[in-house]
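Note that the coordinates shown come from a computational prediction; the quantities given were computed from them, not determined experimentally.
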Amino acid sequence: MSFAWPWQYSFPPFFTLQPNGETRQKQLSAWCALALAYSQRHRLPAMTVREAQDSPLFANHRLQRKLPLESIQVVLEELRKNGNLEWLDKNKTSFLIMWRRPEEWGKLIYQWVSKNGLTNSVFTLYELVSGDDTENEEFHGLDEAMLLRALQALQQEHKAEIITLDDGRGVKFF
């Protein structure tokens, strides 16, 4: 199944941030929604700004239009303000994009644990995101950095504890 681009993506002015404040805010909201949907569909948890700039997300080759780097930075900063992006370095060259916040991932994971009667069980991180039991779950294949953030959120709620195992890290659910 291919990605369904929103109508704005085929509209050339979409690739130029508009000067009018109200129009610009609607445009930024559309860019943020597009970035989150695209990242979710393609399961892109982390990217560099360079990768984002060269990706179809910000470059419509059919229209021969690209969102300029400065505008991409504005969109990324808007995502950060909304809690959907975290910079991975001081120079702001790479980022973690979160179409779901860590607390939301934690809730999904804990619902699966509860639904399957697996409280008081220990899992390796690999089992949680790559195991056969989670194959049909939305968190299957989740990036390890995001998984750890989700488990830390559960740990703060006293629903889980991240533990160190002989061959890496694991988690115990309560």
Side-chain angles (χ1 to χ4, degrees), residues 1-6 8-9 25-49 51-52 55-58 67 72-90 92-165 168-174:
M1 184 169 95
S2 64
F3 182 70
W5 296 99
Q8 297 99 321
Y9 191 76
Q25 198 52 51
K26 287 179 183 173
Q27 185 183 26
L28 283 175
S29 293
W31 270 114
C32 289
L34 174 57
L36 292 172
Y38 183 86
S39 299
Q40 181 177 14
R41 174 67 180 94
H42 295 284
R43 302 208 43 103
L44 301 171
M47 262 189 264
T48 66
V49 174
E51 289 168 342
S55 79
L57 173 58
F58 293 114
L67 192 65
I72 292 172
Q73 293 283 11
V74 171
V75 171
L76 296 177
E77 184 56 25
E78 188 73 11
L79 284 163
R80 187 200 62 76
K81 285 182 200 170
N82 295 339
N84 295 110
L85 184 137
E86 186 177 304
W87 291 107
L88 296 175
D89 62 343
K90 288 183 211 170
K92 297 184 176 182
T93 60
S94 61
F95 56 90
L96 181 67
I97 191 159
M98 300 178 272
W99 61 89
R100 285 191 192 276
R101 290 188 183 91
E103 299 79 17
E104 295 169 21
W105 283 117
K107 186 177 179 182
L108 280 176
I109 292 167
Y110 198 76
Q111 284 173 347
W112 175 80
V113 167
S114 298
K115 178 178 73 178
N116 290 291
L118 298 170
T119 51
N120 295 317
S121 298
V122 175
F123 293 90
T124 65
L125 300 188
Y126 177 85
E127 284 176 307
L128 267 183
V129 294
S130 301
D132 294 341
D133 294 339
T134 63
E135 210 165 37
N136 296 323
E137 300 301 322
E138 197 172 340
F139 59 85
H140 188 83
L142 188 62
D143 177 70
E144 186 174 331
M146 183 56 71
L147 173 63
L148 283 170
R149 284 172 174 79
L151 295 176
Q152 287 165 349
L154 287 175
Q155 191 167 270
Q156 288 179 336
E157 295 176 23
H158 307 291
K159 292 181 176 179
E161 181 181 357
I162 300 169
I163 56 177
T164 302
L165 303 169
R169 286 189 259 191
V171 61
K172 180 174 181 170
F173 292 100
F174 304 109

Using distance only, find each side-chain donor-acceptor pair of residues 117-130 under 3.5 Å and give its atom names and separation, not counting sequence neighbours.
from	atom 1	to	atom 2	distance (Å)
Ser121	OG	Leu118	O	2.9
Thr124	OG1	Glu127	N	3.0
Thr124	OG1	Glu127	OE1	3.4
Glu127	OE1	Thr124	N	2.7

Nearest heavy-atom contact between Ala46 and Leu88 is CB-CD1, 4.2 Å
In short, Ala160 meets Val171 closest at the heavy-atom pair CB-CG2, 3.8 Å
For the [atom1] atom of [X] and the [atom2] atom of [Y], what is their distance to the nearest 0.5 Å?
X      : Y      : atom1 : atom2 : result
Glu86  : Met146 : CD    : CE    : 7.5 Å
Leu154 : Glu161 : CG    : CD    : 12.5 Å
Gln27  : Leu34  : CD    : CG    : 11.5 Å
Trp105 : Leu147 : CH2   : CG    : 10.0 Å
Glu135 : His140 : CD    : NE2   : 5.0 Å

Keeping [X] on the side-chain end and [Y] on the backbone end, is there a donor-acceptor pair under 3.5 Å?
X      : Y     : result
Gln8   : Ala30 : no
Asp143 : Pro45 : no
Glu51  : Thr48 : yes
Asn84  : Trp99 : no
Arg43  : Ser39 : no

Taking the side chain as everything from C-beta on, heavy atoms only, tell me whether Leu151 gets closer than 4.5 Å to Phe173.
yes
Q) In this structure, are over 12 heavy atoms from other groups packed under 6.0 Å from Arg169 atom CZ? A) no
*Using 30° and 60° as the class limits, which term best fits the ring planes of Trp5 and Phe3: parallel, tilted or perpendicular?*
perpendicular
Original post:
Taking the six-membered ring of Phe174, is the NZ or CZ of Lys159 close enough (under 6.0 Å from the centre) and on axis enough (within 45°)?
Top reply: no
- Please report the C-alpha distance between Trp112 and Tyr110 in whole Å, then the side-chain angles of each, then the deciding distance to 0.1 Å, and finally whether the ring pair (Phe, Tyr, Trp, His ring centres under 6.0 Å) criterion is met. CA-CA 5 Å; Trp112 175 80; Tyr110 198 76; over 10 Å; no
For this session: Answer yes or no: is there an ion pair linking Glu104 with Lys107, defined by an N-O contact shorter than 4.0 Å?
Result: no
Worksheet item: Thinking salt bridges, do Glu103 and Arg149 make one under a 4.0 Å N-O criterion?
Response: no
Query raised in the report: Do Glu137 and Gln111 meet the criterion of a side-chain donor-acceptor pair at a distance under 3.5 Å?
Result: no
